[in-house]
Amino acid sequence: MPAWKAILRGLGPTGLGLKIGAPILALLISLGITMILLRLTGADPVSAVQSMVDYGTQQHSIVDIINRATRYYLSAVAVAIGFRMALLNIGVDGQYRLAAFLAAALGGAVSLPAPFGQLLVIVAAVLVGGLWAAIAGVLKVTRGVSEVLSTIMLNAIATGVIAYLLNDKRLAEPRPNSNDVATATIPHSGRVGPLNGFLSAIGIDLPGAVYGLLPLAIVVGVVFWVVINYTRFGFDLKISGLSPSAAQASGVSARRMIVITMVASGAVAGLIGIPGLLGESYDYSLNFPAGLGFTGITVALLGRNHPAGIALAALLFAFLDQTSDILQEVEVPKEIVGVMQGVVVLTVVIVYELVRRWEIRLQQRSVAAELATGRDLAREAAGSTS
C-alpha cells in the first residue's frame, strides 16, 4: 500500500509494544523540538511549558478545553470517515459552516417545544452537511473530479452563500448597538442546557458551562468505531478504499461507496457547530467559529483515525489553543502554538510510518526465513525417503 494511503487510513504498528511505544517516542521527539524552538525565540523553554501547564489546568481553562475539544473531535471524526476510504474531504469547513447557518436560521424561525426544537436543528444540520458533501462525491464518480479540488471549491461557494444570506434583508437581522448581523435567536425551548448539573451529581464541579451536547460527540465516536469495524458497510468501505477493482469483483460498488462515504462524512461535519450553536451562541453571526474543519484534518491524522486517539489529539490541540494567550506573559509569541501543533503532527506521522515500515520488513524477513526452512525440511524429507 502506498505510504500516503497508509497514513490517511491510520495504519501503523500492529504489535502492542510498538502501538504504545511509537506515540510516546513521537511525543518525546516533538517535545524536544518544541523546546529547541522556544529556546530559539529567546524564551526559557521550561518556564514557558510550566506556564502553559499551570494555566491549562485551572478550572475555567478545563471547561474551555472540553468545549473546544468537543468541536475538534466531531470535525476529526468527519474527516476520518473519508480517510478510511483514502478520500480527502477538505470541505468539512464549508459543510459545517453552511449547515450551522441554515440550521440556526431554521431554529430561530420555528419555535417548537423541547426536545423537538433541538432535534429540528440537529437533523437540519446533518441533512445540509450530508447533501453539500454529496456534491463532491457525485462529481468524483460521474466526472472523475478529484474530491480535493471539488471540496475546496465548495468551501469557497459555501462562504459566498453564507455571506449573501447573512444579511438583514434576507436571513439575518442587525444586532443592537453593533455592526454585527446574526440569524434570529433560537428560543429557550430549542436550546440545550449545560452538562454541569450531571457533572455536579457525580462530584465534578466546574465554574463554566460545559456543552450539553458533549455526549452526542461521544455517541458519534462510538457509532463510527462500531460501523467501521463490525458491520458489512465498514468492510465494504475499507475494501473499496484498498482496491476498487477487488471491491467490484466481490459485488461492492466502489462508486456507490464513494458517494455514501462523502455523505456520511458531511453529515457528521454538519454537527460540528451545533454544540456551540445550541449551548452558547444561540444564533449564527459574523463571529461564528471558522476553520474547525482544517483543524479536524490534523487532529484525525494525529489520532490515527481511532476514536480514542482522536479524543486525546482533540484534547491536546484544545489545550495548546487555550494556553496560547498565556505565552505572551512570558514574552513568547502565541503563534508559536501553531508551530507546536504542526511539529507534533509531523513527528507522529513520520514516526508511525517509519515504525510501520520497520515492522513490515521484520515480517518479510520472518516469512522468508520460514520459507527457507520449509524448503530445507522438504529436501531432507525427500533425501530420507530415497
Side-chain angles (χ1 to χ4, degrees), residues 1-14 19 73-92 95-96 123 126-151 154 216-272 293 296-297 299-301 303-311 352 356 360:
M1 178 185 297
W4 69 271
K5 278 194 175 183
I7 292 171
L8 288 186
R9 294 174 61 85
L11 300 182
T14 57
K19 282 184 177 181
Y73 185 81
L74 288 170
S75 179
V77 170
V79 173
I81 293 172
F83 280 178
R84 284 287 185 168
M85 197 176 173
L87 290 173
L88 283 164
N89 184 7
I90 310 297
V92 168
Q95 291 154 18
Y96 93 82
V123 172
V126 169
L127 291 176
V128 172
L131 291 174
W132 196 251
I135 298 173
V138 172
L139 288 175
K140 183 176 180 67
V141 300
T142 59
R143 292 292 181 266
V145 179
S146 169
E147 75 278 5
V148 176
L149 297 177
S150 59
T151 50
L154 286 169
L216 176 63
I218 298 174
V219 170
V220 168
V222 173
V223 171
F224 164 68
W225 182 246
V226 171
V227 170
I228 291 296
N229 293 280
Y230 300 103
T231 66
R232 172 63 185 270
F233 173 79
F235 174 79
D236 292 346
L237 186 149
K238 288 187 284 188
I239 196 66
S240 299
L242 286 171
S243 175
S245 58
Q248 196 72 34
S250 63
V252 178
S253 173
R255 292 158 60 91
R256 181 173 61 89
M257 290 304 301
I258 288 174
V259 176
I260 293 176
T261 301
M262 288 300 296
V263 170
S265 179
V268 175
L271 294 173
I272 297 171
I297 296 174
V299 172
L301 288 173
R304 312 301 298 174
N305 297 336
H306 190 288
I310 291 174
Y352 261 87
R356 186 183 74 90
I360 290 175

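Values below: every heavy atom of this structure, side chains too, minus hydrogens, waters and symmetry copies.
Y96 is not listed as a side-chain neighbour of L271, based on a closest heavy-atom distance of 4.5 Å or more. For the pair Y73/V299, no side-chain contact is recorded, criterion being any heavy-atom separation below 4.5 Å from C-beta on. In this structure, the side chains of R256 and V141 stay at 4.5 Å or more apart for every pair of heavy atoms. Contact check for I260 versus F233: side-chain heavy atoms found under the 4.5 Å cut-off. Side-chain atoms of E147 and I258, non-hydrogen and from C-beta on, never get closer than 4.5 Å to each other. When side chains are defined from C-beta on, I135 does not count as touching S150, because their heavy atoms never get closer than 4.5 Å.
Between M257 and S240, the shortest heavy-atom contact is CG-OG, 3.6 Å. Residues G293 and S75 share a closest heavy-atom pair of CA-OG, 3.4 Å. Contact between I90 and I297 at its shortest, heavy atoms only, is CD1-CD1, 3.9 Å. The shortest non-hydrogen separation linking Q95 to A133 is NE2-CB, 3.5 Å. Residues N229 and K238 approach most closely at OD1-NZ, 3.9 Å, considering heavy atoms. The two atoms that bring G137 and M262 nearest to each other are CA-CG, 3.9 Å, heavy atoms only.
Considering N89, L87, T151, V77 in turn, N89 is the only one that fulfils the side chain to side chain contact (heavy atoms under 4.5 Å, CB included) rule with S265.
Between H306 and W225, the two ring planes are tilted [angle within 30° to 60°].
Taking CD1 of I81 as the reference point, atom OG1 of T261 lies at 8.5 Å (rounded to 0.5 Å).
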Step-by-step side-chain contact (heavy atoms from CB on, under 4.5 Å) determination, V252 to F235: CA-CA 10 Å; V252 178; F235 174 79; 5.9 Å; no

